[in-house]
Amino acid sequence: MSAHLDPPAWVPALEALARRVLGDLADQVRFAGLDRPGRQFATEASAGRLTVRGTDAGSAAVGLHEYLRSHCAVEVSWDDPRPPAPDHLPDAPVSSGTARVEETYYLNFCTFGYTTPWWDWTQWEQEIDWMALRGITTPLMLVGHEAVLHQVLTDEGLSPEEAAEFLSGPAYFPWLAMGCLDGHAGPPPSGWIESHRDLAGLILRRQRELGMRPVLPAFTGHVPRQLAPTARERSWQGHRTWILEPDDPLFRRLTSAVVRAQQQLWGTDHRYAADPFIEMIPVEDDPGYPGRVAAVLHAGLTDADSRAEWYLQTWPFSYDSQFWTPERVQTFLDDIPGRVTLLDLWAETDPQWPRFDGFAGHDWTWCALLNFGGRSDPIADLPGLDAAIDRALIGPHPPTGLGLAMEATRTTPLYYERVLDLAWQEAPALPTWLASRAGRRYRLTGTDLHEKAATAWQDLAGTVLASGEYLIFPEAYTGLLTQRPPREVFDDGHLAAEVAALLWYDPAVLVRAWRGLVEVAEAAPERAAGPLGRDLVEVALAIVPRCAELAFLAAYDAGGVRDRASEAQFFTVFEDLEALLATRAEFRYAEWEEAAVAWAHDENGRAVLADNARRLVTVWGQVGDGYLDDYSARLWSGLVAYYADRWRCWAQLHPITPAEEPRLEEQLQSLERAFLADGPPASASASASDGDVVTISRRLLETYADFFTEAAGQLRAAQD
């Protein structure tokens, strides 16, 4: 293999990455350039020393990780960002890898609200290392954009206080950046804008050192009303905002001003994310209107950066498909001057590329979304993923990139890991990949327990992770526990049909997977502190909430309580889930709120941040508005107790007459206000136990396994 004579400029950054991952063993790793086309790496190890060559920094990072995975059984993951380093670097023949696509995209605007709003540099540093090792080239970067908007708005004549009032609370900033709302749950607390401006500098510097070219948010016409009294009003989920007309000179000027402010603060990689319509239909029905918006937006970008590249999400074409007809979309895309990369955001479920002939004439990226709002449901179509990506790559207009566009990270991580591995040639077949991953993830490679863990994951991939055509979407049924109780939940068997539809697999096989992981954890309890413990919780979340629904169906009918024992079982599920979830930090609501208020500089800041943390995962907007209640519902300790209290209100009034509907609504709103004011109810701590995740997992397995298998089978038979 041929290498550059001079070390590439990125070598010191890769050496630092290796040291963060391997400690002193990094002294035995050498990085060098590789003179080949595209994105490639080559590795070779001999006599305790590893040589990693790459065409670029990102490919070299993937090469390092692939060697560690293949020869050291070491894997860096969301759940294990700093795994123990191997004792030595074993010999390995030359091995190489070639990317199938030019770019690998990462993150969604919403992720900066549902996952990362409270992250500090320690968390971001680990995340960026994960991104590099997994081959991310093109991350969206929203942190610090408050500082940009605040500067631009004050330069336009608003006072600092007026500019701050326009900004939302920190958890809601993604939706302000997309133009969906302003001022909601804000303004940002004291010190937030400055601290996150500085944090953004650290993030961008590290991403660039590791070969990434981040995408920064652009201006899309959304302004404070006092800045442009003639701006047009529009609405999103009950929020009113104001949008500039494309022929208003202020539109072009502010677009340029945003780019220049970014350049001044952090420099630029010439990539800008701009979604002027997102989930809001254009304020004019004229087919030429979107193109006029695109023209002025592009002109403003290029006024400030002649090399500007526009990244545009195709989400509106799916979300508002009746408006965005093929003819209207084609007119819009044809009217965009300059280079644009289209992000087919939900390509695993509702791909837009077949509808629009592979976006012929434009670069585009195939993206997996899967998770909406940070919901905890471990559901995916893992077996269908390979074919979905292959269909796109062999099409007449293949994507130039693959990407992850989840609204929140950390749920069902193996799905996203598989996407990133499929961005490279010769990814192992899924069964082999699952088995290898289980050994590395639990540090069981070469042990007798490896096969048991691998079998459990094969069972998971054939059951709850094989959703097929089942629609994973907020408006689709995803479980009863987190639903806000309505007056009636039966609707002539509709609930039973929805619960049965979630049972597309053999329940006994899923129970077998659960039992297998519990037995692995009992045989290797020291592993339960790591990813194995997290997976014990996630597989339980695939079964125990279904048991609650099966008990609910047995307990209630439209006339009242059918079976008291089943009613008691329904509410026992909440207590059992609280106990299990409390054993893991990532499933405790308290961790979320504590991370939020850690950014506070005073009592006012603490109040704003606590409110943001509580509001986002409950009512989202305002109590009683009904727009996005429980959109970000999560099965977390603390939240489960809140959900239980809501269902107790419903059960105490059931059957609910029309005259009692206001009473139920009043009680539910009282619980919501109490959560916003004080956080989780006292019953949360009362339900939690001091047990460990393995012990409680065994107890729940013995409690629910037979019931789940039998009751699920009976329900499916009744539906058939």
Side-chain angles (χ1 to χ4, degrees), residues 73 75 77-80 376-383 411-415 417-418 428-467 502-547 576-577 579-581 583-584 586-587 635 691-713:
E75 184 163 56
S77 68
W78 284 334
D79 301 304
D80 201 5
S376 312
D377 316 275
I379 296 174
D381 181 18
L382 185 63
T411 298
T412 326
L414 85 165
Y415 188 83
E417 293 171 10
R418 183 65 178 170
L430 183 59
T432 302
W433 184 86
L434 285 168
S436 298
R437 179 182 183 273
R440 294 190 301 265
R441 184 167 174 81
Y442 305 147
R443 301 170 196 158
L444 295 174
T445 300
T447 70
D448 294 339
L449 292 175
H450 186 177
E451 183 176 353
K452 182 181 286 289
T455 299
W457 276 102
Q458 303 292 350
D459 286 342
L460 289 169
T463 54
V464 71
L465 298 180
S467 59
L502 271 177
L503 301 168
W504 58 76
Y505 47 81
D506 183 346
V509 176
L510 182 55
V511 168
R512 187 172 69 196
W514 190 13
R515 189 179 304 278
L517 288 183
V518 170
E519 290 174 354
V520 169
E522 289 173 333
E526 71 281 2
R527 299 291 192 268
L532 177 57
R534 183 209 180 280
D535 292 345
L536 286 176
V537 174
E538 189 158 274
V539 69
L541 294 181
I543 294 175
V544 178
R546 300 291 84 80
C547 294
D576 286 339
L577 282 176
L580 178 66
L581 295 164
T583 64
R584 296 286 301 190
E586 63 266 56
F587 291 102
L635 291 170
D692 64 274
V693 67
V694 181
T695 301
I696 295 176
S697 292
R698 167 59 72 176
R699 176 173 67 80
L700 298 191
L701 174 65
E702 298 304 323
T703 300
Y704 292 105
D706 290 344
F707 171 76
F708 174 63
T709 304
E710 295 168 8

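Note that the structure is a prediction, hence the values are computed from the model and not measured.
Note that the CD atom of Glu538 and the CG atom of Leu635 stand 11.0 Å from one another [nearest 0.5 Å]. Atoms CD1 and OG1, on Ile379 and Thr463 in that order, are 11.0 Å from each other to the nearest 0.5 Å. Rounded to the nearest 0.5 angstrom, Asp535 CG and Tyr442 OH are separated by 3.5 Å. Note: Thr455 OG1 to Arg512 CZ = 8.5 Å, rounded to the nearest 0.5 Å. Taking CG of Leu532 as the start and CG of Leu517 as the end, the distance is 6.5 Å to the nearest 0.5 Å. The CZ atom of Arg418 sits 13.0 Å away from the CG atom of Leu465 when rounded to the nearest 0.5 Å.
Across Leu430 and Pro383, no two heavy atoms sit closer than the pair CD2-CA, 3.9 Å. Of all the heavy atoms in Ala521 and Val694, the pair that sits closest is CB-CG2, 3.8 Å. The heavy-atom pair separating Ala579 from Arg699 by the smallest distance is CB-NH2, 4.2 Å. Listed here is the closest heavy atom pair of Ala524 and Leu449: CB-CD1, 3.8 Å. Heavy-atom minimum distance, Ala712 versus Pro507: CB-CG, 3.7 Å. Scanning all heavy atoms of the two residues, the minimum distance from Ala540 to Pro545 falls at O-CD, 3.6 Å.
Using a 4.5 Å cut-off on side-chain heavy atoms (C-beta onward), Thr703 and Val544 make no contact. Side-chain atoms of Arg437 and Pro413, non-hydrogen and from C-beta on, do get closer than 4.5 Å to each other. Counting heavy atoms from C-beta outward, Asp79 and Arg441 have side chains that approach closer than 4.5 Å. Considering only heavy atoms from C-beta on, Arg527 stays 4.5 Å or farther from Val520 through its side chain. In this structure, the side chains of Val464 and Asp377 stay at 4.5 Å or more apart for every pair of heavy atoms.
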Evaluate the side-chain contact (heavy atoms from CB on, under 4.5 Å) criterion for residues Leu541 and Leu577: first the C-alpha distance (whole Å), next the side-chain angles of each, then the deciding distance (0.1 Å), finally the verdict. CA-CA 8 Å; Leu541 294 181; Leu577 282 176; 3.9 Å; yes
Give the intermediate values and the outcome of side-chain contact (heavy atoms from CB on, under 4.5 Å) for residues Phe708 and Leu503. CA-CA 11 Å; Phe708 174 63; Leu503 301 168; 3.9 Å; yes
Run the side-chain contact (heavy atoms from CB on, under 4.5 Å) test on Leu536 and Arg584 for me, step by step, so that the C-alpha distance in whole Å, both residues' side-chain angles and the decisive distance to 0.1 Å come before the verdict. CA-CA 10 Å; Leu536 286 176; Arg584 296 286 301 190; over 6 Å; no
Criterion side-chain contact (heavy atoms from CB on, under 4.5 Å) on Leu434 and Leu414, from CA distance to verdict: CA-CA 9 Å; Leu434 285 168; Leu414 85 165; 3.7 Å; yes
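Looking at Asp80 and Arg443, a side-chain N of the basic residue comes within less than 4.0 Å of a carboxylate O on the acidic one, giving a salt bridge. Remark: Arg515 engages Glu702 in a salt bridge, criterion side-chain N to carboxylate O under 4.0 Å.
Between the side chain of Ser467 and the backbone N or O of Ala380 there is at least one donor-acceptor pair closer than 3.5 Å. A donor-acceptor pair under 3.5 Å links the side-chain atoms of His450 to the main chain of Ala435, judged by distance alone. A donor-acceptor pair under 3.5 Å links the side-chain atoms of Gln458 to the main chain of Pro431, judged by distance alone. The closest donor-acceptor contact from the side chain of Trp78 to the backbone of Thr411 lies at 3.5 Å or more, if one exists at all. Side-chain atoms of Thr583 come within 3.5 Å of backbone N or O of Leu580 as a donor-acceptor pair. No donor-acceptor pair closer than 3.5 Å links the side chain of Trp514 to the backbone N or O of Ala456.
Defined by atom type and a distance below 3.5 Å, a donor-acceptor pair is present between the side-chain atoms of Asp692 and Thr695.
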